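We use all heavy atoms of the structure for the numbers below, so side chains are in, but hydrogens, waters and symmetry mates are not. Quick caveat, the model's predicted, so the values are computed rather than measured.
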Amino acid sequence: MTDTTVKGSGASKKKRGFFSSIGLFLAQVVQELKKVVSPTRRELVNYWLVVLAFVVIVMIVVGLLDTLFGQLSMWTFTRPAEQ
């Protein structure tokens with residue numbers, strides 16, 4: 001934090017102007033962006049494969065549950081054929 005005042009201390013907090021607050025915000029954004037580390041190509045491919053595998057697993061689970069509940073509702077709400 002670049003502000004020198006500390007919460008809870010006896011010092012009064014200095015009121016910033018509108019444009020000064022925007023400038024401070026943008027400076028802090030730039031400082032945080034300098035800390036960002038881009039993944040390597042290998043890491044990126046690994047992350048992509050993990051996400052793809054997770055999505056495929058979720059699709060299979062949802063498809064199986066859809067089939068199960070569809071069959072259950074058909075069995076529950078349809079009449080048996082009269083003979």
> Apart from V51 itself, what residues make up its hydrophobic cluster, given side-chain heavy atom links below 4.5 Å?
Replying inline: V55, M59
> How would you list, by chain and number, every residue that makes a side chain to side chain contact (heavy atoms under 4.5 Å, CB included) with T78, sequence neighbours excluded?
Replying inline: M74
> Quick one: are V50 and N46 in side-chain contact, heavy atoms under 4.5 Å?
Replying inline: yes
> Taking only residues two or more places apart in sequence or in another chain, which ones pass side chain to side chain contact (heavy atoms under 4.5 Å, CB included) with F69?
Replying inline: L65, L72
>> Run the side chain to side chain donor-acceptor pair (under 3.5 Å) test against E32 and tell me which residues pass, sequence neighbours left out.
In response: K35
> Looking at P39 and E43, what are the two nearest heavy atoms and their distance?
Replying inline: CA-OE1, 3.3 Å
> Apart from W48 itself, what residues make up its hydrophobic cluster, given side-chain heavy atom links below 4.5 Å?
Replying inline: V45, L49, L52
> If you group Ile, Leu, Val, Met, Phe, Trp and Tyr whenever their side-chain heavy atoms sit less than 4.5 Å apart, what else falls in with V36?
Replying inline: F18, F19, I22, F25, L26, V29, L33
